[in-house]
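In what follows, a structure is listed as C-alpha coordinates, so that the remarks can point back to it.
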There are 2 protein chains.
Amino acid sequence: MINVDDKIQELKERCAKANMRLTPQRIEVLKMIAGVNTHPDAETVYAEVKKVMPSISLDTVYRTLTSLEDLGLVFKVDNELAKTRYDADLTPHCHFICVKCGAVHDVHINDYIKAPDESYDYGEVLQTNLQVKGICNKCRG
Amino acid sequence: MINVDDKIQELKERCAKANMRLTPQRIEVLKMIAGVNTHPDAETVYAEVKKVMPSISLDTVYRTLTSLEDLGLVFKVDNELAKTRYDADLTPHCHFICVKCGAVHDVHINDYIKAPDESYDYGEVLQTNLQVKGICNKCRG
DNA sequence: TTATTATTAGTAATAATTACTAATAAGGAA
DNA sequence: TTCCTTATTAGTAATTATTACTAATAATAA
(Lines give C-alpha, C1' and ligand atoms only; values in the text may rest on other atoms or scores of the structure.)
Protein backbone atom coordinates (compact mmCIF):
# COMPACT_ATOMS: atom_id res chain seq x y z
CA MET A 1 0.00 0.00 0.00
CA ILE A 2 1.26 3.45 -0.84
CA ASN A 3 2.06 6.05 1.84
CA VAL A 4 -0.70 8.63 1.84
CA ASP A 5 1.34 11.28 3.62
CA ASP A 6 4.12 11.01 1.07
CA LYS A 7 1.54 11.34 -1.64
CA ILE A 8 0.12 14.53 -0.13
CA GLN A 9 3.65 15.88 0.22
CA GLU A 10 4.13 15.27 -3.48
CA LEU A 11 0.89 17.06 -4.21
CA LYS A 12 2.20 20.11 -2.32
CA GLU A 13 5.43 20.15 -4.28
CA ARG A 14 3.84 19.62 -7.63
CA CYS A 15 1.13 22.22 -7.09
CA ALA A 16 3.80 24.75 -6.15
CA LYS A 17 5.85 23.88 -9.22
CA ALA A 18 2.82 24.01 -11.51
CA ASN A 19 1.43 27.22 -10.02
CA MET A 20 -1.65 25.40 -8.88
CA ARG A 21 -3.30 25.97 -5.54
CA LEU A 22 -3.20 23.42 -2.78
CA THR A 23 -6.91 23.19 -1.99
CA PRO A 24 -8.51 20.98 0.64
CA GLN A 25 -10.58 19.43 -2.16
CA ARG A 26 -7.45 18.28 -3.95
CA ILE A 27 -5.98 16.94 -0.72
CA GLU A 28 -9.11 15.00 0.20
CA VAL A 29 -9.61 13.52 -3.26
CA LEU A 30 -6.01 12.37 -3.48
CA LYS A 31 -6.10 11.06 0.11
CA MET A 32 -9.15 9.00 -0.75
CA ILE A 33 -7.71 7.38 -3.88
CA ALA A 34 -4.31 6.79 -2.32
CA GLY A 35 -5.85 5.27 0.80
CA VAL A 36 -7.69 2.42 -0.89
CA ASN A 37 -6.74 -0.36 -3.28
CA THR A 38 -10.15 -0.55 -4.94
CA HIS A 39 -9.35 1.75 -7.88
CA PRO A 40 -12.49 3.85 -7.40
CA ASP A 41 -14.49 5.68 -10.05
CA ALA A 42 -15.43 9.38 -9.84
CA GLU A 43 -18.80 8.72 -8.24
CA THR A 44 -17.24 6.57 -5.50
CA VAL A 45 -14.59 9.18 -4.79
CA TYR A 46 -17.36 11.76 -4.56
CA ALA A 47 -19.39 9.66 -2.11
CA GLU A 48 -16.37 9.00 0.12
CA VAL A 49 -14.99 12.54 0.16
CA LYS A 50 -18.47 13.90 0.85
CA LYS A 51 -18.33 12.16 4.23
CA VAL A 52 -15.50 14.38 5.42
CA MET A 53 -16.28 17.36 3.18
CA PRO A 54 -20.06 17.53 2.66
CA SER A 55 -19.92 20.64 0.49
CA ILE A 56 -17.81 19.14 -2.30
CA SER A 57 -19.48 18.87 -5.71
CA LEU A 58 -19.29 16.07 -8.24
CA ASP A 59 -17.97 18.51 -10.80
CA THR A 60 -15.07 19.34 -8.52
CA VAL A 61 -14.25 15.67 -8.15
CA TYR A 62 -14.14 15.26 -11.92
CA ARG A 63 -12.01 18.38 -12.36
CA THR A 64 -9.74 17.40 -9.49
CA LEU A 65 -9.19 13.93 -10.92
CA THR A 66 -8.11 15.52 -14.18
CA SER A 67 -5.82 17.92 -12.31
CA LEU A 68 -4.24 15.11 -10.31
CA GLU A 69 -3.73 13.19 -13.53
CA ASP A 70 -2.10 16.22 -15.15
CA LEU A 71 0.18 16.50 -12.12
CA GLY A 72 1.13 12.85 -12.57
CA LEU A 73 -0.23 11.76 -9.21
CA VAL A 74 -2.97 9.40 -10.37
CA PHE A 75 -3.85 7.69 -13.64
CA LYS A 76 -6.83 6.15 -15.32
CA VAL A 77 -7.03 2.38 -15.30
CA ASP A 78 -7.95 1.27 -18.80
CA ASN A 79 -11.04 -0.87 -18.81
CA GLU A 80 -13.98 -1.56 -21.04
CA LEU A 81 -16.48 -0.83 -18.31
CA ALA A 82 -18.72 2.22 -18.36
CA LYS A 83 -16.96 4.19 -15.64
CA THR A 84 -13.36 5.37 -15.52
CA ARG A 85 -11.37 3.94 -12.61
CA TYR A 86 -8.46 5.70 -10.91
CA ASP A 87 -5.22 4.51 -9.34
CA ALA A 88 -2.72 6.48 -7.26
CA ASP A 89 -0.09 3.73 -7.23
CA LEU A 90 2.34 4.66 -9.99
CA THR A 91 4.77 1.81 -9.45
CA PRO A 92 4.75 -0.56 -12.46
CA HIS A 93 2.02 -3.10 -11.93
CA CYS A 94 -0.90 -4.71 -13.71
CA HIS A 95 -4.59 -5.19 -13.10
CA PHE A 96 -6.98 -8.06 -12.95
CA ILE A 97 -10.38 -6.75 -14.00
CA CYS A 98 -13.56 -8.70 -13.38
CA VAL A 99 -15.70 -8.28 -16.47
CA LYS A 100 -18.79 -9.13 -14.47
CA CYS A 101 -18.67 -6.88 -11.39
CA GLY A 102 -15.94 -4.49 -12.46
CA ALA A 103 -13.64 -5.22 -9.50
CA VAL A 104 -10.05 -4.17 -10.16
CA HIS A 105 -7.21 -5.96 -8.35
CA ASP A 106 -3.47 -5.36 -8.53
CA VAL A 107 -1.37 -8.06 -10.16
CA HIS A 108 2.39 -8.18 -9.71
CA ILE A 109 3.98 -8.54 -13.10
CA ASN A 110 7.02 -10.62 -12.22
CA ASP A 111 5.01 -13.19 -10.35
CA TYR A 112 2.51 -13.24 -13.15
CA ILE A 113 5.08 -13.79 -15.90
CA LYS A 114 6.77 -16.55 -13.90
CA ALA A 115 3.56 -18.43 -13.16
CA PRO A 116 0.44 -16.87 -14.62
CA ASP A 117 -1.82 -19.53 -13.23
CA GLU A 118 -0.53 -19.66 -9.68
CA SER A 119 0.67 -16.13 -9.10
CA TYR A 120 -2.62 -14.84 -7.84
CA ASP A 121 -6.00 -15.89 -6.72
CA TYR A 122 -8.34 -13.38 -8.26
CA GLY A 123 -10.38 -15.54 -10.55
CA GLU A 124 -10.65 -17.16 -13.93
CA VAL A 125 -8.60 -15.43 -16.60
CA LEU A 126 -10.38 -14.83 -19.91
CA GLN A 127 -8.04 -12.47 -21.63
CA THR A 128 -4.61 -10.93 -21.15
CA ASN A 129 -3.58 -7.87 -23.06
CA LEU A 130 -0.79 -5.38 -23.07
CA GLN A 131 -1.37 -1.74 -23.80
CA VAL A 132 1.36 0.65 -24.79
CA LYS A 133 0.38 4.28 -24.55
CA GLY A 134 2.14 7.27 -25.97
CA ILE A 135 2.10 9.98 -28.60
CA CYS A 136 2.10 8.67 -32.16
CA ASN A 137 4.53 9.98 -34.76
CA LYS A 138 1.76 11.80 -36.59
CA CYS A 139 0.88 13.76 -33.44
CA ARG A 140 4.52 14.52 -32.74
CA GLY A 141 4.65 16.17 -36.13
CA MET B 1 -4.56 -8.82 -41.85
CA ILE B 2 -7.37 -11.23 -41.05
CA ASN B 3 -9.39 -13.02 -43.72
CA VAL B 4 -12.78 -11.39 -43.92
CA ASP B 5 -14.46 -14.34 -45.66
CA ASP B 6 -13.28 -16.72 -42.95
CA LYS B 7 -14.65 -14.31 -40.39
CA ILE B 8 -18.07 -14.22 -42.06
CA GLN B 9 -18.03 -18.00 -42.24
CA GLU B 10 -17.43 -18.09 -38.50
CA LEU B 11 -20.31 -15.68 -38.00
CA LYS B 12 -22.59 -18.09 -39.86
CA GLU B 13 -21.53 -21.04 -37.76
CA ARG B 14 -21.75 -19.20 -34.45
CA CYS B 15 -25.12 -17.67 -35.23
CA ALA B 16 -26.47 -21.11 -36.08
CA LYS B 17 -25.05 -22.57 -32.89
CA ALA B 18 -26.34 -19.70 -30.75
CA ASN B 19 -29.77 -19.65 -32.41
CA MET B 20 -29.17 -16.16 -33.66
CA ARG B 21 -30.17 -14.96 -37.09
CA LEU B 22 -27.65 -14.22 -39.77
CA THR B 23 -28.76 -10.74 -40.75
CA PRO B 24 -27.16 -8.56 -43.43
CA GLN B 25 -26.58 -5.95 -40.71
CA ARG B 26 -24.44 -8.38 -38.73
CA ILE B 27 -22.55 -9.39 -41.84
CA GLU B 28 -21.83 -5.81 -42.87
CA VAL B 29 -20.77 -4.66 -39.42
CA LEU B 30 -18.40 -7.60 -38.98
CA LYS B 31 -17.09 -7.18 -42.54
CA MET B 32 -16.28 -3.55 -41.83
CA ILE B 33 -14.39 -4.17 -38.57
CA ALA B 34 -12.54 -7.19 -39.94
CA GLY B 35 -11.56 -5.33 -43.08
CA VAL B 36 -9.63 -2.51 -41.45
CA ASN B 37 -6.80 -2.27 -38.95
CA THR B 38 -7.91 1.03 -37.47
CA HIS B 39 -9.88 -0.43 -34.55
CA PRO B 40 -12.96 1.72 -35.25
CA ASP B 41 -15.50 3.02 -32.76
CA ALA B 42 -19.28 2.55 -33.10
CA GLU B 43 -19.81 5.87 -34.87
CA THR B 44 -17.15 5.07 -37.47
CA VAL B 45 -18.59 1.62 -38.09
CA TYR B 46 -21.99 3.27 -38.50
CA ALA B 47 -20.67 5.81 -41.03
CA GLU B 48 -18.88 3.14 -43.07
CA VAL B 49 -21.68 0.57 -43.10
CA LYS B 50 -24.18 3.30 -44.00
CA LYS B 51 -22.38 3.64 -47.34
CA VAL B 52 -23.38 0.15 -48.43
CA MET B 53 -26.51 -0.13 -46.29
CA PRO B 54 -28.07 3.34 -45.97
CA SER B 55 -30.99 2.18 -43.87
CA ILE B 56 -28.95 0.88 -40.94
CA SER B 57 -29.41 2.69 -37.63
CA LEU B 58 -26.83 3.65 -35.03
CA ASP B 59 -28.73 1.65 -32.46
CA THR B 60 -28.38 -1.46 -34.59
CA VAL B 61 -24.64 -0.90 -34.84
CA TYR B 62 -24.36 -0.72 -31.07
CA ARG B 63 -26.52 -3.80 -30.59
CA THR B 64 -24.68 -5.67 -33.30
CA LEU B 65 -21.30 -4.86 -31.77
CA THR B 66 -22.52 -6.32 -28.50
CA SER B 67 -23.86 -9.40 -30.28
CA LEU B 68 -20.60 -9.94 -32.14
CA GLU B 69 -18.74 -9.58 -28.87
CA ASP B 70 -21.03 -12.13 -27.22
CA LEU B 71 -20.36 -14.48 -30.13
CA GLY B 72 -16.63 -14.02 -29.54
CA LEU B 73 -15.99 -12.49 -32.96
CA VAL B 74 -14.81 -9.04 -31.89
CA PHE B 75 -13.65 -7.45 -28.63
CA LYS B 76 -13.38 -4.04 -27.09
CA VAL B 77 -9.94 -2.50 -27.02
CA ASP B 78 -9.39 -1.11 -23.54
CA ASN B 79 -8.53 2.56 -23.63
CA GLU B 80 -9.07 5.63 -21.55
CA LEU B 81 -10.54 7.56 -24.43
CA ALA B 82 -14.18 8.56 -24.60
CA LYS B 83 -15.24 6.10 -27.27
CA THR B 84 -15.01 2.32 -27.22
CA ARG B 85 -12.87 0.86 -30.00
CA TYR B 86 -13.38 -2.56 -31.57
CA ASP B 87 -11.03 -5.21 -32.94
CA ALA B 88 -11.89 -8.34 -34.92
CA ASP B 89 -8.36 -9.79 -34.76
CA LEU B 90 -8.46 -12.26 -31.90
CA THR B 91 -4.88 -13.52 -32.25
CA PRO B 92 -2.82 -12.52 -29.19
CA HIS B 93 -1.41 -9.08 -29.82
CA CYS B 94 -1.05 -5.70 -28.16
CA HIS B 95 -1.93 -2.12 -28.94
CA PHE B 96 -0.13 1.15 -29.13
CA ILE B 97 -2.62 3.88 -28.28
CA CYS B 98 -1.95 7.51 -29.01
CA VAL B 99 -3.25 9.47 -26.04
CA LYS B 100 -3.51 12.58 -28.19
CA CYS B 101 -5.42 11.53 -31.33
CA GLY B 102 -6.68 8.14 -30.18
CA ALA B 103 -5.03 6.16 -32.98
CA VAL B 104 -4.74 2.47 -32.16
CA HIS B 105 -1.96 0.41 -33.79
CA ASP B 106 -1.17 -3.26 -33.43
CA VAL B 107 2.04 -4.18 -31.64
CA HIS B 108 3.53 -7.64 -31.89
CA ILE B 109 4.30 -8.84 -28.41
CA ASN B 110 7.36 -10.96 -29.09
CA ASP B 111 9.10 -8.24 -31.00
CA TYR B 112 8.14 -5.77 -28.34
CA ILE B 113 9.48 -7.85 -25.46
CA LYS B 114 12.76 -8.48 -27.29
CA ALA B 115 13.36 -4.85 -28.16
CA PRO B 116 10.73 -2.46 -26.89
CA ASP B 117 12.47 0.58 -28.31
CA GLU B 118 13.16 -0.70 -31.81
CA SER B 119 10.33 -3.15 -32.38
CA TYR B 120 7.97 -0.62 -33.80
CA ASP B 121 7.77 2.86 -35.09
CA TYR B 122 4.54 4.19 -33.73
CA GLY B 123 5.72 6.97 -31.50
CA GLU B 124 6.95 7.95 -28.08
CA VAL B 125 5.98 5.49 -25.35
CA LEU B 126 4.63 7.04 -22.17
CA GLN B 127 3.21 4.05 -20.38
CA THR B 128 3.04 0.29 -20.75
CA ASN B 129 0.50 -1.70 -18.90
CA LEU B 130 -0.81 -5.21 -18.80
CA GLN B 131 -4.47 -5.97 -18.20
CA VAL B 132 -5.75 -9.36 -17.20
CA LYS B 133 -9.47 -9.80 -17.60
CA GLY B 134 -11.69 -12.50 -16.23
CA ILE B 135 -14.35 -13.38 -13.70
CA CYS B 136 -13.31 -12.80 -10.10
CA ASN B 137 -13.77 -15.48 -7.44
CA LYS B 138 -16.56 -13.51 -5.81
CA CYS B 139 -18.55 -13.52 -9.05
CA ARG B 140 -17.88 -17.19 -9.64
CA GLY B 141 -19.53 -17.85 -6.29
C1' DT C 1 -4.25 42.51 5.67
C1' DT C 2 -5.49 43.07 1.01
C1' DA C 3 -5.77 42.09 -3.82
C1' DT C 4 -5.56 38.94 -7.44
C1' DT C 5 -7.28 35.23 -9.69
C1' DA C 6 -7.37 30.11 -9.56
C1' DT C 7 -10.74 27.22 -7.88
C1' DT C 8 -15.17 25.87 -6.29
C1' DA C 9 -20.46 24.75 -5.83
C1' DG C 10 -24.41 24.39 -8.20
C1' DT C 11 -26.50 23.55 -12.23
C1' DA C 12 -27.05 23.18 -17.17
C1' DA C 13 -25.32 21.06 -21.27
C1' DT C 14 -23.08 17.47 -23.93
C1' DA C 15 -22.06 13.09 -25.81
C1' DA C 16 -21.78 8.08 -25.76
C1' DT C 17 -24.60 4.41 -25.06
C1' DT C 18 -28.90 1.96 -24.02
C1' DA C 19 -34.00 1.22 -23.89
C1' DC C 20 -38.60 1.22 -26.09
C1' DT C 21 -42.03 0.16 -29.72
C1' DA C 22 -44.06 -0.89 -33.88
C1' DA C 23 -42.56 -2.77 -38.23
C1' DT C 24 -39.73 -6.07 -40.65
C1' DA C 25 -37.55 -10.19 -42.18
C1' DA C 26 -34.69 -14.71 -41.05
C1' DG C 27 -35.28 -19.32 -40.97
C1' DG C 28 -37.93 -23.44 -39.81
C1' DA C 29 -42.26 -26.05 -40.90
C1' DA C 30 -45.89 -27.31 -43.98
C1' DT D 1 -42.15 -22.50 -52.36
C1' DT D 2 -45.22 -20.24 -49.00
C1' DC D 3 -46.55 -19.29 -44.48
C1' DC D 4 -45.58 -18.45 -39.45
C1' DT D 5 -43.16 -17.46 -35.56
C1' DT D 6 -40.44 -14.42 -33.28
C1' DA D 7 -35.71 -12.51 -33.25
C1' DT D 8 -34.11 -8.39 -35.09
C1' DT D 9 -34.34 -3.82 -36.91
C1' DA D 10 -35.21 1.46 -37.64
C1' DG D 11 -36.38 5.39 -35.53
C1' DT D 12 -36.53 7.84 -31.60
C1' DA D 13 -36.60 8.69 -26.68
C1' DA D 14 -34.22 8.03 -22.43
C1' DT D 15 -30.24 7.30 -19.65
C1' DT D 16 -25.79 8.04 -17.74
C1' DA D 17 -21.00 9.50 -17.43
C1' DT D 18 -18.61 13.49 -18.13
C1' DT D 19 -17.82 18.38 -19.24
C1' DA D 20 -18.99 23.40 -19.56
C1' DC D 21 -20.76 27.74 -17.54
C1' DT D 22 -21.21 31.39 -13.99
C1' DA D 23 -21.19 33.76 -9.87
C1' DA D 24 -19.16 33.15 -5.37
C1' DT D 25 -15.24 31.74 -2.65
C1' DA D 26 -10.71 31.22 -0.87
C1' DA D 27 -5.46 30.20 -1.68
C1' DT D 28 -1.42 32.63 -2.27
C1' DA D 29 1.68 36.51 -2.86
C1' DA D 30 2.59 41.34 -2.01
Under the side-chain hydrogen bond (donor to acceptor under 3.5 Å, both in side chains) test, residues paired with A/Arg63 that sit two or more places apart: A/Asp59, A/Thr60
Side-chain donor or acceptor of B/His93 paired with backbone N/O of B/Asp106 under 3.5 Å: no
Sugar-phosphate or base contact per nucleotide [nucleotides 14-27 of chain D; S, B, -; heavy atom under 4.0 Å]: ---SBBBB----BB
Phosphate OP1/OP2 of D/dA10 contacted by B/Ser55 side-chain N/O (<4.0 Å): yes
When the distance from NZ of A/Lys17 to P of D/dT28 is rounded to whole Å, what number comes out? 17 Å
Tell me the interatomic distance from B/Leu65, atom CG, to C/dT17, atom C1', rounded to whole angstroms. 11 Å
Does a side chain donor of either A/Asp70 or A/Ser67 reach within less than 3.5 Å of an acceptor in the other side chain? no
Closest non-hydrogen atoms of B/Arg14 and B/Gly72, given as atom of the first, atom of the second and distance, are NH1-O, 3.4 Å
Between atom CG in B/Asn19 and atom P in C/dG28, what is the gap in whole Å? 8 Å
Stems with DNA chain C, 3 or more Watson-Crick or G-U pairs in a row (under 3.5 Å), are C:1-30 with D:1-30
Quickly work out the B/Leu71 CG to D/dT8 C1' distance and round it to whole Å. 14 Å
Derivation and outcome, side-chain contact (heavy atoms from CB on, under 4.5 Å), residues B/Leu65 and B/Tyr86: CA-CA 8 Å; B/Leu65 289 170; B/Tyr86 285 86; 3.5 Å; yes
For residues 82-102 of chain A, the salt bridge (Lys or Arg N to Asp or Glu O under 4.0 Å) pairs (sequence neighbours left out) are none
Are A/Ser57 and C/dG10 close enough that a side-chain N or O sits under 4.0 Å from OP1 or OP2? no
Rounded distance (Å) that lies between atom C1' of D/dT8 and atom CG of B/Asp70: 15 Å
Spacing of B/Tyr46 atom OH relative to C/dA15 atom C1', expressed in whole Å: 16 Å
With sequence neighbours excluded, give me every side-chain hydrogen bond (donor to acceptor under 3.5 Å, both in side chains) pair touching residues 19-32 of chain A. none
Rounding to an integer number of Å, can you tell me how far A/Met20 CE sits from C/dT5 P? 18 Å
Quick check: does any side chain N or O of A/Lys7 sit under 3.5 Å from a backbone N or O of A/Ala88, one acting as donor and the other as acceptor? yes
Pairs meeting criterion side-chain hydrogen bond (donor to acceptor under 3.5 Å, both in side chains) with involvement of residues 128-141 of chain B, two or more places apart: A/Glu80-B/Lys133, A/Asp121-B/Asn137, B/Asp78-B/Lys133, B/Tyr112-B/Thr128, B/Asn137-B/Arg140
Grab the CG-P distance between A/Leu68 and C/dT7 for me, whole Å please. 12 Å
